[in-house]
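These notes are about the structure you will find just below.
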Amino acid sequence: MSAPAGSASPFRAVDIIRKKRDGDELSRAEIEYLVSGYTAGEIPDYQAAAWLMAGLLRGFTRAETTVLTDAMLRSGEVLDLSEFPAPKVDKHSTGGVGDKTSLVLAPLAAAGGLIVPMISGRGLGHTGGTLDKLESIPGFTVGLSTAEFRRVLAECGCAMIGQTAEIAPADRKFYALRDVTGTVESPYLICASIMSKKLAEGIDALVLDVKTGSGAFMKKEEDAVFLAELMVETGERMGKKVVAPITDMNQPLGRMVGNSLEVAECIAILRGEGPDDLRDLCLELAAWMFHLGGSAANLNEARSKAETLLKSGRAMETFRKMVELQGGDPDAIDDPQRLPQAKYSLDVTSPRAGYVTAIQCESIGTACVILGGGREKKEDSVDPAVGITLHKKVGDHIVAGEPLCSILYNSEALAIRAKDLIEESYRISNAPPAQKRPLVHRVIQGSGNKN
Ligand code: URA
């Protein structure tokens, strides 16, 4: 990387800000100067913020996006997992409601012979976070050292942890600044943020579950496709195999929303039970992981492999082992009743008979946050037990007074706020919806891994 913002540097931050403000393409050296200078604390927040805003408004070229991702990746440690001969493959979702596939996919892919070094995040906005879900398992720790991470990977093939101080520190700083300067939404900055963290895991291949719909950050399909194409191309330019299914987030995935509830639903899937949409998406994403990892000749074979691993209980065994290795209570996996349970439950009933034709999915996620299942402010702690169980989803018939969903809560005042939001989010009509949206809208593939 080029010299940071010391006196010997040929650059000045103000010139790079001006250049981006005027819509010109930045050179590799200029981007590297900005990233290393900001990470080292030599470029102040106000200049980094001005540059981010210029980038959000003007956009970046594909080449700039790749250089930015690379500079952020190399701002910290890049794990070298070459001691593991098996292919190293991960999955990342852009975030949704009831979006819990990681807890099934990591053990499922590991049971099939892949190494899954998964570094995940916490809930963001109305969406849930893998780390918050895992921490609802009594004793489970997501804060492993790199040495412990390797040990868990060696023993069970997968490990699930949070971002450490060493991984992509530039992203940690930029992300915090973006959060308070209205610059989160840029697809180029999202791409660099996600890909720098994921590629620091030392993986060979990555499956990106790019969500679209009322519960996703990318509400419009074309925006999701744009981001997916950007991430696939950036990953490929950096020598990785990347594929990005665009998947539906117009209603919560599965029937459970909330941390321990979602863990319980994943355990059901791993036992061969649970809702069809969640199982189908897990199988689809696992199939892509096996396909990219080279452990199946084609997608059909990869899917059958995933089905067999679920049915045989091997994925479940791997999950139980990973939980134990990361300090979690394996009895809570054998008996999910031992996971944190909310004290009270309240039904939200339908005011009329008809069919559920839509669910405003972001509102369901926000209702869960209000209950305490996510954070309204950064410093909030999360209540692992609360959440929502959906009894009716899009296309279901309902009679007047029948429960649409149940709210599981610990504070009545919060439950009342959440109930109002949930009532407004269900749309009931006389006729069923004209068409059922597919779970996978389309798949964006790189040139190197077409099926
Ligand atoms: N998730 C990330 O990790 N980064 C972003 O910029 C947006 C979502």
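Just so you know, ligand 1 is whichever comes first in the structure, and atom 1 is the first atom listed for that ligand. Position 1 is the first residue of the sequence; numbering continues from there.
Here the side chain of Glu64 pairs a donor or acceptor atom with the backbone of Thr61 at under 3.5 angstrom.
The side-chain hydrogen bond (donor to acceptor under 3.5 Å, both in side chains) test applied to Arg320 returns Asp334, not counting sequence neighbours.
Phe11 and Trp51 have their aromatic ring centers separated by at least 6.0 angstrom.
Within a 6.0 Å radius of CZ in Arg442, other residues, nucleotides and ligands contribute 12 heavy atoms or fewer.
Using a 4.0 Å heavy-atom criterion, the residues that approach ligand 1 are Tyr175, Arg178, Ile190, Ser193, Ile194, Lys197.
Between Arg28 and Asp70 there is a salt bridge, since at least one side-chain N of the basic residue sits less than 4.0 Å from a carboxylate O of the acidic one.
Between the side chains of Tyr409 and Asp383, no donor-acceptor pair of N or O atoms lies under 3.5 Å.
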